[in-house]
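A quick write-up on the structure given underneath.
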Amino acid sequence: MNRNSLRLAAPAAALALAFGLSACGAGNESDGSDSTGSGSKVSGTLNAGGSSAQEAAVAAWKKAFQTTNPDATVNYDPAGSGAGREQFLAGGLSIAGSDAYLDDDELAKAKTLCKGDVVEVPVYVSPIAVIFNLDGVKELNLTPKTIADIFAGKITTWDDAAIKADNPDAKLPSTKITAVHRSDDSGTTQNFTDYLSKAAEGAWTAEPGQTWPVKGGEAAEGTSGVVAAVTSGKGTIGYADESQAGDLGQAKVKVGDTFNAATPEAAAKVLDTSKAVAGRAATDIAIDIDRTSTEAGVYPIVLASYQIACQAPAKDAALIKAWLTYVASPEGQKAAGDTAGSAPLTADFGKKVQAAIETIKAS
Amino acid sequence: MTSTQAPAPGKNTVIRRPGDRIFSGLSLSAGVLILVILAGVAIFLTVQGIPGITAHPDEVKSGKSFLPYVWPLVFGTLVAATIAMLIAVPVAIGVALFISHYAPRKLGQGLGYLIDLLAAVPSVVYGLWGIGFLAPRMVPFYAWLDEHLGFLPFFGPASATGRTILTASIVLAVMILPIMTAICREIFLQTPRLHEEAALALGATRWEMARLAIFPYARSGIVSAAMLGLGRALGETLAVAMVLSVGVGTVTANLIGSDNPSTIAANIALGFAEATGKSVNALIASGLVLFVITFLVNFAARSIVDRRKEFSGAN
Amino acid sequence: MTTTLTPPPVDVSRELYGAQLPTWGPRAVIAAGLLGAAAAYAVGANLLEAALVAWLICMVLPLWSAAVEGRRKATDRLVTTLVTSAFALAMFPLFSILWTVISKGSKVLSAEFFTYSMRNVVGEGGGIYHALVGTLLITGAAAVISIPIGIFAAIYLVEYAEGNRLSRWIRFLVDVMTGIPSIVAGLFAYALFVLFFGEGVRMGIGGSVALSVLMIPILVRSTEEMLKLVPNELREASYALGVPKWRTVAKVVLPTSLAGIVTGITLSIARVIGETAPLLIIVGTTDSVNFNLFNGRMASLPVFAFASQRNPGIPPQFSIDRAWGAALVLLVIVMLLNLIARLVSYFFSPKGER
């Protein structure tokens with residue numbers, strides 16, 4: 001018998017090891033008894049999930065939130081916006097993070113689920129930079145139409161007349177252009193194609209969407225994949241969150257009569273000039289970003305990612321409200337800007353968002 | 001079922017003790033449980049998949065009805081898995097043979113140990129390795145293929161980044177090598193010593209010994225190992241998704257271009273996170289298709305190698 | 001007298017073995033190959049081309065052998081060369097991957113890395129304790145579920161089924177099961193748990209179920225192969241001594257194939273311990289330690305590594321380093337597991353031919 005029992009010893013040993021570990025918690029985790037400070041604290045576990053774009057920002061928010069509220073734990077599954085919305089609508093998550101606002105069908109479902117209105121607020125705004133890697137060229141100006149033509153495969157070399165026209169001083173080589181796009185479905189692609197179809201004066205005919213719609217070019221998975229492909233190739237161009245662009249060259253994009261760089265400030269500003277989606281409740285701040293804005297200092301290729309919750313949550317209402325209040329606060333926005341490179345909401349827009357969050361009924 | 005179970009004469013003279021009944025009951029229920037699990041997976045895939053198959057093109061993100069949507073994926077899956085198997089099976093047999101019969105025993109054990117480790121490397125790492133290490137080094141090779149063998153349809157215009165379906169297949173081959181090698185190695189080591197020594201004593205060279213004593217003995221095991229490897233090659237998601245530069249519904253014979261067909265599993269990984277409604281069903285339905293493909297491939301393999309003939313041990 | 005007994009001066013070995021390459025032949029060819037590779041590298045070929053040169057030079061050996069020793073020996077030498085080069089070919093990527101993981105992952109290893117979780121950590125610091133706990137618990141539970149099912153099913157197939165139709169179906173469907181994409185296993189587990197616990201369910205044991213779906217077929221197939229290799233003479237000898245069948249299986253068949261079965265177990269664990277997609281769906285992830293398999297989200301090493309490298313924040317380096325560190329720890333776990341398995345099979349296998 002000893003042979004057989006010992007055969008089972010290996011997994012048993014692994015389990016024993018695991019439970020042995022359980023004797024002590026992690027070195028950085030306290031049991032909450034040393035909580036100090038004043039003010040109303042919330043406790044409990046908040047389950048959120050969705051947009052993976054928000055993950056780095058959520059990490060920063062969690063740190064501050066869990067420090068002020070030591071008895072609170074926030075979980076965020078970066079499973080993707082679609083999955084986040086789906087599970088929120090099925091009642092599985094208290095808060096959904098989503099790169100797109102709820103469409104009308106989803107909103108109807110959400111209203112049934114919440115037995116009332118939803119609070120939907122953009123809390124993570126990230127400029128999407130047009131990144132390129134071209135020997136000898138550091139700065140590049142591009143019009144929306146040129147970008148569309150490049151990504152549609154109509155402009156194939158860097159010394160094309162259309163690119164030259166906007167960059168009279170640059171020494172453009174005759175290198176072939178390799179346009180890199182996202183192979184996974186993403187909010188970044190959605191916003192980028194939306195920009196192209198609205199701003200490129202008809203040069204972009206494909207429907208905007210989360211899936212890259214046209215043939216040709218090179219595809220890469222995730223922001224990191226696009227950045228890696230652009231970095232490793234020659235004569236490459238792609239689009240990625242500005243914060244992850246690293247040392248790559250970033251094109252300035254024509255807005256009105258000037259060429260604007262992708263900066264957080266310029267990105268946050270575009271929300272101010274954009275219109276809210278018609279027919280939504282006051283707490284549902286769904287924005288159709290104004291891609292064709294001509295205002296000075298605006299950068300229109302922007303991803304706005306939302307957090308969505310019920311106005312009258314069935315449980316953990318205080319926790320949800322405290323979380324969203326912090327996230328939308330200037331401190332929260334700054335924390336995300338520092339660690340995730342997102343664009344803090346402007347003061348005016350931030351007030352609107354906070355007013356919406358204020359309506360959450362935390363009895 | 002019981003009627004087919006008529007035991008060979010003589011065997012039923014064994015007295016059935018309670019221990020026997022319990023033991024055979026346990027093992028039978030384990031076997032049946034596997035069927036139940038599999039049935040569960042199949043039912044789940046079918047129930048969730050059917051709305052995706054019947055969905056109207058407007059209801060899913062791809063904007064296509066199911067067959068045109070899934071066909072390029074099936075194509076890509078088969079191409080990638082086939083190339084991966086073509087590379088991995090001979091290499092795995094070679095490595096296993098080297099470890100079991102060619103290398104000095106100590107060295108062989110150490111190396112076998114190392115290879116086993118690689119089965120545990122997460123897919124993310126294989127993906128990163130594929131992008132960061134393999135793909136750039138394949139670029140000159142692809143350019144050479146394009147230049148010299150470009151008249152073949154497989155080597156059309158070459159990719160500038162090397163993130164092609166051939167690269168993905170090589171990554172897959174590397175991923176399935178450890179598990180195939182490990183199983184082949186164990187089986188080669190189990191070849192009865194007497195058979196090997198008999199062959200050698202008759203003057204066989206080492207290769208002839210392998211051919212006469214080891215391979216016939218290990219054939220069914222090699223097929224099992226290959227099927228396990230194939231299973232992983234067909235079902236691998238993340239590594240392929242990271243390495244491959246996928247096109248939009250591409251079907252092409254070009255193995256080294258930048259516009260590649262996607263695979264079913266990679267497509268699920270790329271699309272699932274952002275999918276809602278019927279699009280989710282469509283993705284699950286593509287998983288069902290993969291399930292059916294695995295079914296058919298195994299069926300084919302089974303009919304080629306009738307494993308029952310070499311049922312057991314040293315008969 | 002003496003003259004008649006003196007044998008003619010014949011080289012006995014020549015008569016018995018035929019013409020042979022000198023014993024230094026293979027070594028000389030390998031040396032020449034290495035020299036050729038070095039020379040090619042010196043004149044500017046890259047490593048791949050140099051390796052190709054070495055390989056081509058090594059292929060001289062079978063040709064030489066064909067000229068001197070004849071066809072059979074030449075085939076043997078050709079196969080030896082091919083087997084060895086297959087090995088070298090496989091070692092190259094494998095070592096390259098191992099090296100990448102070790103060199104990039106070892107940077108972050110520290111006491112803090114093993115004892116801290118990621119709760120309230122942004123940027124530098126933090127650790128993988130929470131993910132380590134999660135991985136050990138989830139995979140351990142998956143092993144506890146799968147190993148009995150897998151081994152008993154294999155016993156059924158080999159010892160009890162006698163090739164009946166049910167066993168053929170099981171065998172066939174187990175093969176089909178190996179092709180289930182891991183993400184589908186995760187979706188299946190999620191759908192199953194939603195039936196019992198409602199929407200939004202996240203628990204470690206669900207991950208164990210998903211991993212079991214992936215693990216069981218590997219276990220069944222490898223165990224089955226190993227059991228089949230046990231010579232029938234052993235079983236028959238046991239029966240002849242009046243030992244009941246179940247004791248024969250437990251005391252003769254299983255111990256004989258123990259080494260192979262244990263390898264199969266470690267392989268199957270190694271195969272699933274690095275799975276990411278199913279765990280992301282059914283287990284989710286968290287920054288804090290959770291010891292309860294039956295309640296709430298748990299972190300796990302592969303999901304941690306995946307999320308860390310995918311959404312690193314700024315500056316990205318800290319997070320990416322942690323991802324590599326997690327991958328390295330995963331490797332070390334499997335290494336230890338392998339070691340335990342080797343020891344088990346070394347000490348408890350019957351001492352026999354090997």
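Lettering of chains follows the sequences in order, A, B, ..., and the numbering in each one begins at 1.
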Shortest non-hydrogen pair, B:Val95 vs C:Ala90, comes out as CG2-CB, 3.5 Å

For B:Leu128 and C:Gln309 the tightest heavy-atom approach is CD2-OE1, 3.8 Å

Segment of C:Leu78 engaging chain B (4.5 angstrom heavy-atom cut-off): neither

Contact part of B:Met242 toward chain C, heavy-atom cut-off under 4.5 Å: side chain, backbone, both or neither? side chain

So which part of B:Phe98 gets closer than 4.5 Å to some heavy atom of chain C, the side chain, the backbone, both or neither? both

Between B:Arg211 and chain C, with a heavy-atom cut-off of 4.5 Å, which part of the residue counts as in contact: side chain, backbone, both or neither? neither

Hey, does C:Phe87 have a side-chain heavy atom less than 4.5 Å from the side chain of B:Leu111? yes

Which one wins on heavy-atom pair count under 4.5 Å against chain C: B:Ile99, B:Leu238, B:Thr237? B:Leu238

Would you mind checking which part of C:Val332 comes under 4.5 Å of any heavy atom in chain B, side chain (CB onward), backbone (N, CA, C, O), both or neither? neither

So C:Met177 and B:Ile37, do their side chains get closer than 4.5 Å, heavy atoms only? yes

What residue, out of B:Ala265, B:Gly40, B:Gly287, has the most heavy-atom pairs lying under 4.5 Å from chain C? B:Gly40

Heavy-atom distances under 4.5 Å only: say whether B:Ala225 touches chain C with side chain, backbone, both or neither. neither

Of all heavy-atom pairs between B:Ala30 and C:Ala153, which one has the smallest distance, and what is that distance? CB-N, 3.5 Å

Rounded distance (nearest 0.5 Å) linking atom CZ of C:Arg271 with atom CD1 of B:Ile179: 6.5 Å

Given heavy-atom pairs under 4.5 angstrom as the criterion, report whether the side chain, backbone, both or neither of B:Ile284 touches chain C. side chain

With a 4.5 angstrom heavy-atom cut-off, is it the side chain or the backbone of C:Ile216 that approaches chain B, or both, or neither? side chain

What do you reckon, are the aromatic ring centroids of B:Phe23 and C:Phe152 less than 6.0 Å apart? yes

C:Ser96 portion near chain B, given a 4.5 angstrom heavy-atom threshold: both

Rounded to the nearest 0.5 Å, what separates atom CG in B:Leu28 from atom CD1 in C:Ile155? 12.5 Å

Just how far is it from atom CE of C:Met226 to atom CD1 of B:Ile187, taken to the nearest 0.5 Å? 4.5 Å

With only heavy atoms counted, which part of B:Leu177 is less than 4.5 Å from chain C, the side chain, the backbone, both or neither? side chain

Is C:Leu89 in contact with chain B via its backbone, its side chain, both, or neither, using a 4.5 Å heavy-atom distance? side chain

Report yes or no: do C:Arg221 and B:Ser224 form a side-chain donor-acceptor pair below 3.5 Å? yes

By a 4.5 Å heavy-atom criterion (distance strictly below it), what part of B:Leu283 contacts chain C: side chain, backbone, both, or neither? neither

Chain B contacts, top residue of C:Pro93, C:Pro302, C:Ala88 (heavy-atom pairs, under 4.5 Å): C:Pro93

Atom CZ in B:Phe188, atom CG in C:Leu229: separation rounded to 0.5 Å? 11.0 Å

Is C:Thr84 close to chain B through its backbone or its side chain, or both, or neither, when contacts mean heavy atoms under 4.5 Å? both

C:Val249 versus chain B, heavy atoms under 4.5 Å apart: side chain, backbone, both or neither? side chain

Of all of C:Thr276, C:Leu82, C:Val209, C:Leu94, which one pairs up most often with chain B through heavy atoms under 4.5 Å apart? C:Leu94

How close do B:Val41 and C:Phe188 get, counting heavy atoms only, and between which atoms? N-CE1, 3.6 Å

Using heavy-atom distances under 4.5 Å, tell me whether C:Thr263 contacts chain B through its side chain, its backbone, both, or neither. side chain

Between C:Asp76 and B:Trp207, is there a donor-acceptor pair closer than 3.5 Å when you use the side chain of the first and the backbone of the second? yes

Using 0.5 Å steps for rounding, measure from the CH2 atom of C:Trp246 to the CD1 atom of B:Ile22. 8.0 Å

Decide yes or no for C:Val184 and B:Phe291: does some side-chain heavy atom of the first lie under 4.5 Å from some side-chain heavy atom of the second? no

Atom group of C:Ser167 that falls short of 4.5 Å from chain B, counting heavy atoms: neither

Applying a strict 4.5 Å limit to non-hydrogen atoms, the region of C:Val101 in contact with chain B is side chain

Rounded to the nearest 0.5 angstrom, the CG-OG distance for B:Leu228 and C:Ser222 is 7.5 Å

Under 4.5 Å from any heavy atom of chain C, what part of B:Leu33 do you find: side chain, backbone, both or neither? side chain

I'd like to know which of B:Ile183, B:Ile87, B:Leu35, B:Thr181 tops the heavy-atom pair count under 4.5 Å against chain C. B:Leu35

Between B:Leu45 and chain C, which part of the residue has a heavy atom less than 4.5 Å away: side chain, backbone, both or neither? side chain

Chain C contacts, top residue of B:Ile43, B:Val174, B:Leu296, B:Leu134 (heavy-atom pairs, under 4.5 Å): B:Val174

For C:Ala86 and B:Gly94, the nearest pair of non-hydrogen atoms, with its separation, is CB-CA, 4.1 Å

Between C:Thr75, C:Thr80, C:Val213, the one whose heavy-atom pairs under 4.5 Å with chain B are most numerous: C:Thr80

